[in-house]
Amino acid sequence: MIEFKNVSKVYDNGSVALDQVSLHIGKGEFVFVVGASGAGKSTLIRLLSHEELPTEGSVLVNGIEVNRLAKKSVPYLRRKMGIVFQDFRLLPNKTAQENVAFAMEVIEAPRRVIRRRVREVLDLVGLIGKADALPKNLSGGEQQRVAIARAIVNRPLLLIADEPTGNLDPDTSEDIVEVFKKINHMGTTVLMVTHDKTLVDMMNKRVIELDDGKVVRDEQRGGYDDEN
Amino acid sequence: MKIRTMHYYTVAAFQSFWRNRFMSVASIATVAISLFILGIFMTLVANLDYFVENLESQVEITVYLKDGATQADIDSVGHRLQALPDVKSVTFTDKNQAMDILKERMKDQPGILDALEGKNPLPSSYEVTFTQPEAVRRTADIVADYPEVEGTHYGQEIIEQLFKITTIIRWGGIALIIFLTLAMLFIISNTIRLTVFARRKEIAIMKYVGATNWFIRWPFLLEGLFLGFIGGVIADIALYQFYDFAVTSIHQSLAFLPMVSVYPFMYRTAGVLLIISMVIGAIGSTISLKRYMKV
């Protein structure tokens, strides 16, 4: 699903974000990416979505070499992945279901398909009762559920989450991770960047730890800070 | 493109227009005023061209004969003039007739002619008119080489002077066009920039969920086209009214002054201005989008 081959990323200001990173993440995996701030976690995500290009090496998503992709093909790459952010990034003047539908409208899906699919994913994230609420009337956890619904509405192969629980309290965070788990069970690869030790330990999934741009740990059933 | 998508674009464009209504109105006003000034220049140049052309078609050549010309010479020149192409009429003025005309014109100041002491310095001449205005200059050049001919005169000084004025106005107009175009581009791109800024979250989300660049671009392009179009229409209406009024009032006070008639000239000018305004609208919005389209 995802393959990093000797990937390095040096920004224009000379800071090295990734240093010779090689990774393989299979289809249907659930992977945590952990590490201190500035360890290169965000860069990893930006390389996947073609927001940044690697200085060296190659990045493959679903067999496509992202760093060699023509500019006009980038939107079609992004349709294969859903991205969830720490700050939700919902449109404040649209209701929950309009926010979700927006992701389908901009790729010009037929209206009937949109209506059915939006209800389906709102149901999946447990928000069907709040479909018509505006973001400001939803709790943080609910807003993040809307964001997750929007990320998966176009049936991506890969769901990327950048600190999805960073703004949420521990109980809500657990609920949110349960949602990710559910989506993962349905076959979607999940890549979650997080600082949340409790979540990582609780889930007992594969953990990749970055430090100073290098992979320092890659464990199949790891905790947040296992040393062995 | 799907109809629903077009609907989305249109709604988005009008929303932006309304959200930034102050800047929108300012852009429309700038476009309208700039294009109106542009239109005035186009009208001025067109009329000057028309005037010069008109004048040229009316000119006749005066062929002055040498003082010692015999009657045979005079007749021979007359025949040769008649035989030239595109000549309409040839009229002979004897040097004594010319003197009579001068005396008649100067009868209020008799002292001046006394200075001639009864001599007649005026040459005999032929007045030649033409069926084709283009024949004037050509004929004047041929006739000037006749041995019996002293010189020719056809008001070339006036025409050349007018050509000079038209050239100056034309260049001034081009400089003004460049300046006004930049002003229009500046204000339209700034207005669209506000819109883009207001929608930056939306744009970012669109990019993340895989909207194509053209899908994102269209609403802004439409807004720019719309601003340009409205400005252009206002300028067109103002210019039409202005020119219509100018033609009517000039015909009343200066009836001899030839002017390009309102139709079809105004329609063509209006069309050109409208196209310019929309092109500028489109370019203006593209400029301000460029920075936000990366991600």
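Chain naming here is simple, since letters A, B, ... match the order of the sequence lines and numbering starts at 1 in each. Everything numeric in this text was worked out from a predicted model, so none of it was measured.
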Of the non-hydrogen atoms in B/V209 and A/I107, which two are nearest, and what is the gap between them? O-CG2, 3.7 Å
Is it the case that more than 12 heavy atoms not belonging to A/R68 sit under 6.0 Å from its CZ atom? no
Polar contact flag, side-chain donor to acceptor under 3.5 angstrom, B/Y8-A/E108: no
Kindly check if the number of other-residue, nucleotide or ligand heavy atoms within 6.0 Å of CZ (B/F186) is above 12? no
Counting only heavy atoms not in A/D12, do more than 12 fall under 6.0 Å of its CG? no
Indicate yes or no: at least one non-hydrogen side-chain atom of B/Y208 is less than 4.5 angstrom from one of A/R89. yes
Taking the side chain as every heavy atom from C-beta outward, state whether A/L91 and B/E202 have any pair of such atoms under 4.5 Å apart. yes
Could you tell me whether the side chain of A/R78 reaches within less than 4.5 Å of the side chain of B/K207, counting heavy atoms only? yes
B/R21, CZ atom: more than 12 neighbouring heavy atoms under 6.0 Å: yes
So, the part of A/R111 with a heavy atom under 4.5 Å from chain B: the answer is both
Rounded to the nearest 0.5 angstrom, the CZ-CD1 distance for A/R150 and B/I205 is 4.5 Å
Any idea which heavy atoms bring A/L90 and B/K201 closest together, and the distance? O-NZ, 4.1 Å
Just wondering, more than 12 heavy atoms not from B/F265 lying within 6.0 Å of its CZ? yes
Flag if over 12 foreign heavy atoms under 6.0 Å of NZ, A/K130: no
Side chain from CB out, backbone as N, CA, C, O: work out which of these in A/E105 comes under 4.5 Å of a heavy atom of chain B, or both, or neither. both
